[in-house]
Amino acid sequence: MLRRWGVVGVALALLLAGCGGAASTSSSAASTSTSSSSSSAATSSSAASGPVKGGTLTIAFSQEPDTLDVAKTGLTAVGEIMRNVMDGLVWLGTNNKFYPDLATSWTVSSNGLTYTFQLRKGVTYTDGTPFNAASAVANFDYVENPATHSLGTLQGLGPCTKAVATGAYTLTVTCSKPYAPFLTSMSGFGFQSMTAVKKEGSQYGLKPVGTGPFMVQKFVPNSEVVLVRNPNYNWAPSVRNPHGTAYLSKIVYQIQLNGQTRVDSLESGQAQMVEGAPALSYKTMTAAGQQYVGLVAPIAGAGEYAVINNSKFPTNDVKVRQAILYSISHKGLNKLADQSVYPVLWAPLQPGTLGFDAALNSKHMYAYNPTKAAQLLTSDGWKKNSSGIWEKNGQPLSLVITHIPVGDLPTLAQGIQSYLQKAGMQVSIKQYADNAWHAANVAGVENITPLEFSSLDPDLLRIEFTPGQYFNWSKVNDPQLTSILLKAETESNPTTRLKLYDQAQTIIMDQAMMLPEHQNDDLYIMSPKVKGITVLPGGSLDFYSAYLAK
């Protein structure tokens with residue numbers, strides 16, 4: 001299954017994510033077989049013969065990037081690729097601690113408004129442009145320029161948008177108010193060569209320039225993205241186990257939207273990895289005794305869920321929303337769409353995300369109960385007509401589900417439709433292409449739309465559920481919830497902050513503002529020769545130490 005959107009708090013580690021806290025990198029896989037196979041593959045960084053230099057790793061990749069310019073995109077897929085091309089100021093380790101990366105050190109003022117970074121010297125972009133404070137400021141200016149149309153990276157900056165060079169290698173960023181997720185944003189803010197941006201103009205997104213262990217050789221839309229080793233890279237963070245340049249010579253992302261085609265590429269030897277593996281293929285091909293290895297990358301954030309439009313009739317009625325949730329079997333939906341591979345989710349955040357409320361998740365709110373759904377609708381003045389459809393004041397309980405043809409989103413839409421039709425609701429499905437889907441959801445065309453959102457930080461909830469946010473596709477405008485989420489955004493005390501998010505999640509579920517579905521884990525099937533991959537917080541893969549064993 002693939003993740004599609006999230007709130008991009010940062011350009012790389014979090015694309016389509018919010019930003020902030022930390023995600024567990026232990027592979028909390030969906031099934032027993034998934035768990036056992038993932039742990040051996042995810043962090044295996046050595047083989048009997050040791051790391052091997054050279055070779056091409058080909059990955060059958062499930063999504064089509066819109067652009068490789070990390071300042072402009074909102075796709076998680078782009079972040080996954082460019083995580084290996086771009087560097088951030090700080091590195092968020094698998095232990096959820098921050099380490100120096102392009103910044104060697106940093107300080108934060110006592111009021112939480114000013115961050116001062118001492119930058120690493122001797123770093124160059126792969127076009128030869130030096131990285132320094134002036135270059136860093138230019139990156140901030142680029143993201144903040146309205147002409148850039150930054151989707152996620154700009155949101156990740158929050159109120160911390162004033163960047164100045166206070167020395168040749170000293171960067172000072174000032175926030176208009178405290179912003180708890182800022183360092184996490186800086187772990188994923190991918191710094192790019194502004195020289196290349198200006199030189200390439202509208203074509204820059206095909207071959208962006210960073211400072212990371214790999215560089216983009218080419219991007220052929222609808223076909224492939226090819227990365228090659230950066231021959232000058234020698235500034236890996238200490239926690240990344242520095243060994244000079246990367247081991248692999250090349251990484252090829254073959255864009256194959258069809259799941260079976262991706263699996264066929266692996267079985268034919270054309271690829272060594274399948275990303276976004278179909279659930280059934282993953283279960284069968286990585287089972288004990290099979291020749292392939294499974295890897296689970298838990299995607300921190302909201303998991304897989306369905307937006308419910310809180311402002312459009314009839315889902316602007318809380319009892320209708322609650323009836324919708326009671327009418328759908330989480331387990332049945334998961335089995336229909338994903339072979340029950342993923343753990344069912346009952347809360348707004350999934351395990352491994354800062355702020356995940358285990359107690360709320362364990363309550364199994366809105367467990368399948370068609371009788372309860374009917375009682376809610378009846379008490380709200382709805383009656384079934386002669387066709388068995390609920391009506392109120394002459395209007396049918398008619399719903400529109402939108403989706404894009406990506407991963408399990410179509411089957412989830414169909415499953416939701418089936419359950420709601422069985423419950424006496426009139427349901428139509430509209431499939432859109434990416435841009436049209438965005439426009440429709442921003443305009444509020446849908447009543448329900450399934451999607452995925454990835455984020456390391458619960459500030460994601462503010463971006464999803466407060467007025468004025470691009471990704472508030474649920475059109476929520478709840479003053480109490482907004483107040484809590486805005487306070488949590490600036491709260492510096494971790495314990496107090498988490499309590500605020502507990503309150504927010506309770507409100508979201510009490511008001512049935514969204515439909516949690518299941519955990520969002522990216523499934524990989526790969527050759528046992530693939531070694532040395534690290535699953536980063538948030539679910540991206542780090543290929544710096546990856547290699548192909550002999």
Side-chain angles (χ1 to χ4, degrees), residues 7 9-11 13-14 17-23 87-93 95-121 131-141 143-144 153-191 237-239 353-355 455-463 466 482-504 537-538:
V7 190
V10 290
L14 322 175
C19 32
D87 292 325
L89 289 180
V90 298
W91 181 268
L92 180 58
N95 60 358
N96 304 315
K97 294 181 179 180
F98 295 109
Y99 296 87
D101 195 351
L102 289 180
T104 57
S105 63
W106 58 91
T107 57
V108 185
S109 63
S110 58
N111 61 6
L113 298 180
T114 304
Y115 292 77
T116 303
F117 299 91
Q118 300 303 321
L119 305 183
R120 190 179 300 277
K121 298 177 181 178
F131 171 78
N132 51 32
S135 167
V137 170
N139 270 263
F140 274 78
D141 292 342
V143 168
E144 294 164 27
T153 307
L154 180 60
Q155 286 191 334
L157 293 181
C160 306
T161 56
K162 185 179 179 181
V164 296
T166 49
Y169 290 93
T170 302
L171 172 70
T172 299
V173 181
T174 304
C175 311
S176 59
K177 62 180 180 180
Y179 185 52
F182 184 65
L183 277 182
T184 304
S185 291
M186 290 300 95
S187 74
F189 186 106
F191 285 86
S238 59
V239 71
T353 307
L354 180 68
S455 171
L456 290 170
D457 191 85
D459 191 50
L460 165 69
L461 299 177
R462 176 184 60 84
I463 298 171
T466 61
T482 298
S483 176
I484 291 171
L485 291 174
L486 291 178
K487 184 176 181 181
E489 178 192 15
T490 62
E491 178 56 58
S492 60
N493 183 291
T495 301
T496 303
R497 190 168 186 245
L498 291 181
K499 288 181 179 178
L500 290 169
Y501 284 119
D502 286 346
Q503 294 174 28

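Residues: numbered from 1 along the sequence shown. This structure is a prediction, so every number in the text was calculated from the model and none was measured.
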Go through the steps to decide whether T172 and T166 satisfy the test side-chain hydrogen bond (donor to acceptor under 3.5 Å, both in side chains), and finish with yes or no. CA-CA 6 Å; T172 299; T166 49; 2.9 Å; yes

Evaluate side chain to side chain contact (heavy atoms under 4.5 Å, CB included) for V108 paired with T114, printing each intermediate quantity in order. CA-CA 6 Å; V108 185; T114 304; over 6 Å; no

Kindly indicate, with the supporting measurements, whether the criterion side chain to side chain contact (heavy atoms under 4.5 Å, CB included) is fulfilled by Q118 and T170. CA-CA 5 Å; Q118 300 303 321; T170 302; 2.9 Å; yes

Test log, rule side chain to side chain contact (heavy atoms under 4.5 Å, CB included), inputs V143 and L157: CA-CA 9 Å; V143 168; L157 293 181; 4.1 Å; yes

Nearest 0.5 Å, please: how far is [atom2] in [Y] from [atom1] in [X]?
X: Q503; Y: L498; atom1: CD; atom2: CG; result: 11.5 Å
X: L461; Y: L485; atom1: CG; atom2: CG; result: 6.0 Å
X: T496; Y: E491; atom1: OG1; atom2: CD; result: 4.5 Å
X: L171; Y: T116; atom1: CG; atom2: OG1; result: 8.5 Å
X: F131; Y: R120; atom1: CZ; atom2: CZ; result: 10.0 Å
X: R462; Y: L486; atom1: CZ; atom2: CG; result: 7.0 Å

Restricting to non-hydrogen atoms, name the atom on [X] and the atom on [Y] that form the minimum distance, rounded to 0.1 Å.
X: C160; Y: F140; result: O-CE2, 4.1 Å
X: S185; Y: G156; result: OG-O, 2.6 Å
X: A136; Y: L119; result: CB-CD1, 4.4 Å
X: G355; Y: P458; result: CA-CG, 4.4 Å
X: P100; Y: P237; result: O-CB, 3.3 Å
X: S455; Y: T353; result: O-CG2, 3.8 Å

[X] side chain to [Y] backbone, donor-acceptor under 3.5 Å:
X: D101; Y: A103; answer: no
X: N139; Y: S135; answer: yes
X: T466; Y: I463; answer: no

Are the aromatic rings of F117 and Y169 close, with centres under 6.0 Å apart?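 Between F117 and Y169, the centre distance exceeds or equals 6.0 Å.
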
With a 4.5 Å heavy-atom cut-off, do [X] and [Y] have their side chains touching?
X: E144; Y: L154; value: yes
X: D87; Y: F191; value: no
X: L183; Y: S187; value: no
X: L354; Y: R497; value: yes
X: P178; Y: N111; value: no
X: F189; Y: L89; value: no
X: Y115; Y: F182; value: yes

Checking salt bridge (Lys or Arg N to Asp or Glu O under 4.0 Å) for the pair D502/K499: CA distance, chi angles, key distance, verdict? CA-CA 5 Å; D502 286 346; K499 288 181 179 178; over 6 Å; no

Please walk me through it: do E489 and K177 pass salt bridge (Lys or Arg N to Asp or Glu O under 4.0 Å)? CA-CA 9 Å; E489 178 192 15; K177 62 180 180 180; 3.4 Å; yes

Please test L92 against F98 for side chain to side chain contact (heavy atoms under 4.5 Å, CB included), starting from the C-alpha separation and ending with a verdict. CA-CA 5 Å; L92 180 58; F98 295 109; 3.7 Å; yes

